[in-house]
Amino acid sequence: MIYLNGAFMPVEQATVSVLDRGFIFGDGVYEVIPVYSRRAFRLEEHLARLQHSLDCIQLPNPHDLSEWINIVNEVIARNGKNDQYLYLHVTRGAAKRDHAFPNPPVRPTVFVMSNPLTHPPAELLESGIDCITVSDNRWLRCDIKAISLLPNVLLRQAAVDAGCAEAILIRDDSFLTEGAASNIFVVKNGILLAPPKDHLMLPGITYDVILELAETNAIPHEVRRIDKAEVFDADELLMTSSTKEVLAITTLDNKPVGNGKPGMMFTRLYQLYQDFKRDVMRK
Ligand code: PDD
């Protein structure tokens with residue numbers, strides 16, 4: 001069951017206009033929210049990031065916080081699994097094709113769906129994932145969670161074509177930004193390094209959880225620009241996202257990262273993340 005513009009219906013019955021600006025221009029924003037034991041994880045943080053994205057594209061939020069919470073909880077309730085991931089999508093609505101915003105504005109399209117959340121299998125946690133590095137050729141507003149994802153799609157496909165799980169993005173042949181659909185952390189000499197949240201990367205909700213866990217557990221960490229050379233010289237590399245949580249990256253461009261196995265920082269943060277999730281869900 002999905003939610004579309006005020007109604008719940010089976011996904012097969014859901015339709016939007018071919019003139020929807022999401023379809024025509026990619027003019028919209030989205031969120032992906034994990035749900036554990038039927039509770040949306042970090043919901044208010046995800047809705048705050050949605051507000052940021054909407055503000056950046058000058059689209060008034062069609063719902064206040066309590067309306068969003070009701071929609072989200074209703075979608076969770078109408079879908080079978082205890083663990084789900086929600087996809088929230090807001091576009092500028094359907095209007096005659098013109099690049100400039102419709103004037104007067106039209107009703108935004110609001111779509112929410114749920115999919116089963118599959119946890120990374122034990123083998124993947126033990127082996128880690130393979131990644132490639134690619135040039136970050138996206139625009140300069142990567143802090144907006146925009147539905148216009150063609151660059152990310154092509155970058156992720158480049159990884160898949162190389163037999164890898166993710167592409168690590170290097171801006172200006174110089175520094176690390178993030179993954180095609182994830183944030184990336186570097187570990188060197190026991191210090192967890194994270195790129196700063198600026199307009200060149202998505203401010204990840206999982207990224208924030210990882211840095212909070214580092215802070216509360218006295219794990220040395222630094223948030224700063226990370227040179228390309230530091231990525232290649234890392235003891236460990238970690239990838240985070242709402243659907244993948246935290247994974248170790250064990251090969252980069254076909255070469256082992258560190259000793260080629262998930263390291264101590266990964267093991268520690270993975271465990272802390274699982275404990276944190278359980279604590280939050282219990283509360
Ligand atoms: N993507 N960076 C990019 C470009 C992303 O697309 C994502 C997540 C992240 C991680 O953010 P978070 O921890 O809030 O999930 C970073 C989602 C999962 C997606 O598009 O499916």
Side-chain angles (χ1 to χ4, degrees), residues 118-138 142 151-196 200-202 204 206-211 213-214 217-276:
T118 48
H119 299 280
E123 304 88 81
L124 202 64
L125 295 174
E126 273 159 37
S127 66
I129 59 167
D130 302 320
C131 288
I132 56 168
T133 51
V134 290
S135 166
D136 190 347
N137 56 9
R138 301 173 302 163
C142 297
N152 305 63
V153 165
L154 296 176
L155 294 165
R156 172 61 72 82
Q157 188 59 37
V160 170
D161 289 344
C164 291
E166 181 60 307
I168 295 183
L169 312 184
I170 305 292
R171 183 66 81 164
D172 299 336
D173 196 29
S174 164
F175 59 93
L176 168 69
T177 51
E178 58 180 339
S182 59
N183 291 115
I184 304 293
F185 291 81
V186 169
V187 181
K188 189 69 187 174
N189 299 329
I191 301 171
L192 180 69
L193 303 172
L200 296 178
M201 70 168 240
L202 186 78
T206 324
Y207 164 105
D208 282 343
V209 175
I210 291 290
L211 285 179
L213 289 173
N217 291 280
I219 296 172
H221 57 282
E222 285 171 22
V223 176
R224 62 162 172 83
R225 187 160 274 194
I226 298 167
D227 289 343
K228 173 180 153 185
E230 294 179 281
V231 175
F232 290 108
D233 191 37
D235 297 333
E236 294 181 48
L237 293 173
L238 310 179
M239 163 185 154
T240 66
S241 81
S242 290
T243 47
K244 300 289 188 315
E245 300 182 344
V246 53
L247 289 173
I249 297 165
T250 43
T251 75
L252 186 63
D253 295 338
N254 270 321
K255 293 185 201 74
V257 176
N259 66 5
K261 296 196 175 69
M264 272 159 53
M265 186 70 84
F266 165 73
T267 309
R268 179 100 201 273
L269 286 170
Y270 178 82
Q271 198 49 54
L272 288 169
Y273 197 88
Q274 300 309 313
D275 295 347
F276 177 79

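In this structure the side chain of Val246 never reaches within 4.5 angstrom of the side chain of Phe185, judged on heavy atoms. Side-chain contact check for Ile184 versus Val231: every heavy-atom pair is 4.5 Å or farther apart. By the 4.5 Å heavy-atom criterion applied to side chains, Tyr270 and Leu238 are not counted as neighbours. Side-chain contact between Ile210 and Leu192 is present, with heavy atoms from C-beta onward closer than 4.5 Å. Tyr207 has its side chain out of reach of Leu202: every pair of non-hydrogen atoms, C-beta onward, lies at least 4.5 Å apart. Within the 4.5 Å cutoff, the side chain of Leu237 has no heavy atoms near those of the Cys131 side chain.
Minimum heavy-atom separation, Ile132 to Ala162: CG2-CB, 3.9 Å. Taking all atoms of both residues into account, the shortest heavy-atom contact from Ile226 to Pro195 is CD1-N, 3.7 Å. For the pair Pro196 and Val223, the tightest heavy-atom approach, listed with the atom from each and the gap, is CA-CG1, 3.6 Å.
Pairs engaging residues 264-273 under the salt bridge (Lys or Arg N to Asp or Glu O under 4.0 Å) rule: none recorded [sequence neighbours left out]. Legend: salt bridge (Lys or Arg N to Asp or Glu O under 4.0 Å) pairs involving residues 232-246, not counting sequence neighbours, sorted by first then second residue: Lys188-Asp233, Lys188-Asp235, Glu245-Lys277. Applying the salt bridge (Lys or Arg N to Asp or Glu O under 4.0 Å) test to pairs two or more places apart or on separate chains, those with a residue in residues 158-167 are Arg156-Glu166.
Applying the side-chain hydrogen bond (donor to acceptor under 3.5 Å, both in side chains) test to Thr240 and every residue at least two apart in sequence or in another chain returns nothing. With sequence neighbours left out, the side-chain hydrogen bond (donor to acceptor under 3.5 Å, both in side chains) criterion links Arg171 to no other residue. Among residues two or more places apart in sequence or in another chain, the ring-ring contact (aromatic ring centres under 6.0 Å, His included) test is passed with Tyr273 by none.
For the pair Thr206 (side chain) and Ser242 (backbone), a donor-acceptor distance under 3.5 Å is present. Side-chain atoms of Thr250 come within 3.5 Å of backbone N or O of Ser127 as a donor-acceptor pair.
Note: Leu169 CG to Cys142 SG = 8.5 Å, rounded to the nearest 0.5 Å. Rounded to the nearest 0.5 angstrom, Leu176 CG and Phe232 CZ are separated by 10.0 Å. For the atom pair Phe276 CZ and Leu269 CG, the distance stands at 12.5 Å (nearest 0.5 Å).
If you run salt bridge (charged side-chain N to carboxylate O under 4.0 Å, His left out) between Lys228 and each of Asp173, Asp253, Asp172, only Asp173 comes through.
Other residues, nucleotides and ligands contribute at most 12 non-hydrogen atoms within 6.0 Å of the CG atom of Asn254.
A salt bridge links Arg138 with Asp136: the closest approach of a Lys/Arg side-chain nitrogen to an acidic carboxylate oxygen falls below 4.0 angstrom.
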